[in-house]
2 protein chains.
Amino acid sequence: MHEAEGGSGLAGTVAYRLGVLGALANTRFAARIEPYDLKPRHLALMTALDAGRVASQQDLAVRLGVAPSLVVALADHLESLGAVARTRDARDRRRQVLVLTGHGRELLGVCAAAARELDEELTAALPAGDRAALDRVLAALTSDAPAVEPGDAP
Amino acid sequence: MHEAEGGSGLAGTVAYRLGVLGALANTRFAARIEPYDLKPRHLALMTALDAGRVASQQDLAVRLGVAPSLVVALADHLESLGAVARTRDARDRRRQVLVLTGHGRELLGVCAAAARELDEELTAALPAGDRAALDRVLAALTSDAPAVEPGDAP
DNA sequence: TATTGTTATACTCTATAACTATA
DNA sequence: TATAGTTATAGAGTATAACAATA
């Protein structure tokens, strides 16, 4: 006979399911923010800025776990949208300090609202108690996770 | 003042957290199966084969939500490893029917065990009750999700 | 000499389009 | 003519390596 769902098969593991659901969440979030000319990686950068006050591009590369050259490209785009501003650090003129502009904070708020709408869709089939449990457990798992790691769907 | 964690910010949404954790799970799973010359997408294909008995490459492309040309490449690699076998459908000689070999099933089992080990690591910080809740809720969410969607980390 | 940001280049993943063979 | 598989090509995303300015 065959394995039951959630048995010893790969499809029953948390790792595999997180991968599938994460890819799904990302694709759908990307579709929602596309009208603002933003992609999930831009929001990750803006979220890091919003959380950590000021940050140099090197700081951000480390926090996001991406190459410094990618931060350049993301910051270029965000700057062209007026969402972030670059200013040279007066004490160390090598450093480019990024800050969210008012418009950037506005965009971030709009995209966060879009994510909350998506949350409703994703969890629509769950009883309220399970929704709360999911939120609580994901918060616990995210607290010690690196901000972003690249990766593909399984 | 600033937003608290889990407040109205993007970082507090289920969609964003699922994206981050999904990418993390995928990266770490990929690292564990790399010694077998396999990537998560290969495992997705093998899992679909294991679940659905026989399947043509077109069937699999639809199930996995990927282009048929990608199924060709994945099947080529799995065939070279001896994990799947291609056989022409006698009734419709255009169709290539893929089946898991004994070795393929073995590999799938080994990788599923690796995923369970990873599950232990990922959920080590959670109390047992929360682990059970996570497992239950992810199973519910995965049941109606398409097998695999491509996507990036936020 | 070491570090920050930048640019140039290459690599991985995946899709689209053109092609072959079967139907 | 339409469909399954394949091959060829192109695009997105990201990393690595070389470079310029500053320390």
(message) Please check this pair: side chain of B/Thr123 against backbone of B/Leu126, looking for a donor-acceptor N/O pair closer than 3.5 Å.
(response) no
(request) Before accepting this row, confirm whether a basic side-chain N of the pair A/Lys39/A/Glu34 lies closer than 4.0 Å to the acidic partner's carboxylate O. (result) no
(request) Starting at atom CG of B/Leu74, determine the distance to atom C1' of D/dT6, rounded to an integer number of angstrom. (result) 14 Å
(request) Please state how far atom CG in B/Leu64 lies from atom P in D/dG5, giving the value in whole angstrom units. (result) 13 Å
(request) Send over the distance from A/Glu34 CD to D/dA12 P, rounded to a whole Å. (result) 12 Å
(message) Can you measure B/Asn26 atom CG to D/dG13 atom P for me and round it to whole angstrom units?
(response) 18 Å
(request) Spell out protein contact along nucleotides 2-8 of chain C as letters: B when the base is contacted, S when just the sugar-phosphate is, - when no protein heavy atom is under 4.0 Å; keep the 5' to 3' order. (result) BBSSBB-
(request) Report yes or no: do A/Leu100 and A/Tyr36 belong to one cluster of Ile/Leu/Val/Met/Phe/Trp/Tyr joined by side chain heavy-atom distances under 4.5 Å? (result) yes
(request) Could you tell me whether a side-chain N or O of B/Asp130 sits under 3.5 Å from a main-chain N or O of A/Val137, the two making a donor and an acceptor? (result) no
(message) Check this one for me: any side-chain N or O of B/Lys39 less than 4.0 Å away from OP1 or OP2 of C/dC13?
(response) yes
(message) Other residues, nucleotides and ligands only: do more than 12 of their heavy atoms fall within 6.0 Å of CZ on A/Arg88?
(response) yes
(message) Distance check needed: D/dG13 P versus A/His77 NE2, whole Å only.
(response) 11 Å
(message) Rounded to whole Å, how long is the line connecting atom CG of B/Leu60 with atom P of D/dA4?
(response) 13 Å
(message) In this structure, how many angstroms lie between the P atom of D/dG5 and the CG atom of B/Asp89, rounded?
(response) 9 Å
(message) Test of understanding: with side chain to side chain donor-acceptor pair (under 3.5 Å), list the residues that count as partners of B/Asp37, not counting sequence neighbours.
(response) none
(request) Hey, which sits more toward the 5' end of DNA chain D by its nearest nucleotide, A/Ala67 or A/Ala90? (result) A/Ala67
